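Please read the structure below before turning to the comments.
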Amino acid sequence: MPPRKKEYGIKRASGSLVHFRPPVSASTVRRHSAVVPSVLTFAVIVASGGLLLMIEKGMLNSVQTPPPRANGKKVEYRLRNSDAAVDVESQIVQEIRNRTIRSMCGQKNMPHSVWSLSPLQRKTLLQHILVNDEHHFLYCYVPKVACSNWKRVLKVLSGALANVDVKVKMDHRADLVFLSDFPPEEIRHRLRHYFKFMFVREPMERLLSAYRNKFGEIEAYQHKYGAEIIRRYRKGYAKDKKIAGNDVTFTEFVRYLLDEDPERMNEHWMPIYNLCQPCAIEYDFIGLYERLESDAAYVLERVGAPQHVRFPERQTWYKPVTKETLHYYLCTVPQKFLKELLPKYILDFSLFGYPLPNTTTEYCRH
């Protein structure tokens, strides 16, 4: 089933991240200046509305979209090396990207505030923004992007947990304050004055992480979603009432996503832009899962968290999604399904600086 046209709408985004690197020589800048035309190409593609056509032709596989940056503002990072300088190439790429975003967001029919969203969009957004009034920040949590650990941090800051290492099963509602808990005027005040941040992850990695966790480990998801997916997409099982739902294939999961409305998906596989609406809210900082340790440290310093509050270390039992694992799973899915799936997550790729995955037949042979 081809995605609906409305799902491709370009929305406004204004949050991002400045990357700092060691000083670079002039020759290094010249050597890497070739990336700028590719980014310009991406900007032209998006602005002209030809992005989906490029996906269909497989022409975007080699285009690298630039990393995010916060509201076009310079982020003062805590540098380990006091002599480190901002990478010139990174600054150029980010400025081009910011101009592209402004162009994309200039469309009149796009939401420019929380209040211009539909009731469903606004409800989803406000229910995913956590509030800390003592340190004046808002955090939009995205499942499968270290949100459980961030919730631990918020509980430590509020005094509900002694420290982030306390061995306790995470309650994703208790001892947390959501923006949806407040009346409109108080919501407006916090959106206007609080530090706002979120974290993002490569879209397909996030999907695979959700698939492996929910259908491989969580019985509630197996019974609720897994059994339904198997009845719907596996031949001969349409009327089977005794399906465990614990052996859903990744292809079956992808087919299920193709038939789902992104605005009504389960939060674990709902596109990030639907969860956090980075077009309606000007986030001050968009951290990357791939730079979780350093980006989390920056946020904690920025919000004035006490020195003893740190971001939790990754659990020893955690099985990360490697490039090899992602390659294996993506290559088990027929290309026609992947071509239909990518448009549903295209804003997550483009707005947060992730290149589209290479799923050509030649690539999958390796």
Side-chain angles (χ1 to χ4, degrees), residues 1-9 51-52 55-58 60-61 120 124 142-145 201-275 319-349 354 356-365:
M1 176 185 293
R4 301 171 185 172
K5 186 175 182 180
K6 70 174 184 178
E7 295 167 10
Y8 309 149
L51 191 55
L52 295 177
I55 295 173
E56 184 67 25
K57 294 186 176 181
L60 285 182
N61 288 335
L120 177 59
T124 298
V142 178
K144 308 312 297 180
V145 190
R201 184 180 187 179
E202 200 282 332
M204 293 298 104
E205 279 191 14
R206 177 172 168 255
L207 279 187
L208 179 55
S209 178
Y211 162 78
R212 295 205 302 177
N213 173 240
K214 300 308 174 187
F215 299 112
E217 303 171 9
I218 313 298
E219 286 190 10
Y221 275 78
Q222 294 169 0
H223 294 158
K224 181 176 180 179
Y225 294 97
E228 175 60 27
I229 290 173
I230 290 173
R231 290 190 191 98
R232 197 187 297 184
Y233 303 104
R234 193 175 297 180
K235 291 183 178 180
Y237 286 81
K239 298 181 180 180
D240 193 330
K241 303 295 183 180
K242 299 181 180 180
I243 300 174
N246 60 354
D247 62 343
V248 174
T249 67
F250 191 60
T251 295
E252 289 170 338
F253 177 53
V254 168
R255 292 187 66 184
Y256 167 73
L257 295 176
L258 295 181
D259 290 338
E260 287 292 288
D261 179 350
E263 293 188 357
R264 299 179 185 278
M265 285 180 176
N266 179 278
E267 63 175 7
H268 291 85
W269 44 81
M270 180 182 285
I272 296 173
Y273 73 84
N274 287 95
L275 289 170
K319 296 180 181 179
V321 175
T322 65
K323 290 184 178 179
E324 292 75 19
T325 305
L326 183 61
H327 174 275
Y328 170 79
Y329 277 94
L330 288 180
C331 288
T332 64
V333 180
Q335 286 191 34
K336 65 177 182 178
F337 293 147
L338 289 177
K339 285 183 177 180
E340 291 180 29
L341 180 67
L342 292 180
K344 283 183 178 281
Y345 296 89
I346 193 59
L347 288 177
D348 286 1
F349 281 107
Y354 293 106
L356 291 170
N358 185 345
T359 57
T360 60
T361 302
E362 180 180 354
Y363 175 75
C364 285
R365 288 197 188 105

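Keep in mind the model is a prediction, meaning the values are calculated, not measured.
- The minimum heavy-atom distance between Tyr363 and Asn358, with the atom names listed, is CD2-O, 2.7 Å.
- The aromatic rings of Tyr221 and His268 sit perpendicular, their planes meeting at an angle over 60°, well past the 30° parallel limit.
- Here the closest non-hydrogen pair linking Glu202 and Met204 is OE1-N, 2.9 Å.
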Taking it one step at a time, do Tyr237 and Arg232 satisfy side chain to side chain contact (heavy atoms under 4.5 Å, CB included)?
-> CA-CA 8 Å; Tyr237 286 81; Arg232 197 187 297 184; over 6 Å; no
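- Minimum interatomic distance between Gly216 and Gln222 (heavy atoms only, all atoms of both residues): C-NE2, 3.7 Å.
- Residues Phe349 and Pro357 are in side-chain contact: their nearest non-hydrogen atoms beyond the backbone lie under 4.5 Å apart.
- Inspection of the Asn266 and Tyr225 side chains reveals an N or O donor paired with an N or O acceptor under 3.5 Å.
- Atom CE of Met270 and atom CZ of Arg206 lie 9.0 Å apart (nearest 0.5 Å).
- Leu330 contributes atom CG, which lies 6.0 Å from atom CG of Leu338 (distance to the nearest 0.5 angstrom).
- The heavy-atom pair separating Phe337 from Val254 by the smallest distance is CB-CG1, 4.0 Å.
- Taken to the nearest 0.5 Å, the CG atom of Asn274 stands 8.5 Å off from the CG atom of Leu347.
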So Asp261 and Met265, side chain to side chain contact (heavy atoms under 4.5 Å, CB included) or not? Walk me through it.
-> CA-CA 6 Å; Asp261 179 350; Met265 285 180 176; over 6 Å; no
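- In this structure, Phe253 and Phe250 have tilted ring planes: the angle between them lies in the 30° to 60° band.
- With respect to Glu340 and Lys336, no salt bridge is recorded, no charged nitrogen being found less than 4.0 Å from a carboxylate O.
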Could you walk me through whether Glu205 and Thr325 pass side chain to side chain contact (heavy atoms under 4.5 Å, CB included), step by step?
-> CA-CA 9 Å; Glu205 279 191 14; Thr325 305; over 6 Å; no
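- Note that CG of Asp240 is 10.0 Å distant from CZ of Arg234, once rounded to the nearest 0.5 Å.
- A donor atom on one side chain and an acceptor atom on the other are found under 3.5 Å apart for Thr361 and Gln335.
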Derivation and outcome, side chain to side chain contact (heavy atoms under 4.5 Å, CB included), residues Lys224 and Lys214 | CA-CA 10 Å; Lys224 181 176 180 179; Lys214 300 308 174 187; over 6 Å; no
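- Residues Ile272 and Lys144 have side chains not in contact (no heavy-atom distance under 4.5 Å, counting atoms from C-beta outward).
- Across all their heavy atoms, Arg212 and Pro320 have their closest contact at NH2-O, 3.4 Å.
- When all heavy atoms of Thr332 and Thr251 are compared, the pair lying nearest together is O-OG1, 3.3 Å.
- We find the CZ-CD1 distance between Phe215 and Ile230 to be 9.0 Å, quoted to the nearest 0.5 Å.
- Around atom CD of Glu219, no more than 12 heavy atoms belonging to other residues, nucleotides or ligands sit under 6.0 Å away.
- Between the Tyr256 side chain and the Gly226 main chain, no donor and acceptor come within less than 3.5 Å of each other.
- The distance from atom CD1 of Ile243 to atom CD1 of Ile229, rounded to the nearest 0.5 Å, is 11.0 Å.
- Residues Tyr273 and Tyr345 have side chains not in contact (no heavy-atom distance under 4.5 Å, counting atoms from C-beta outward).
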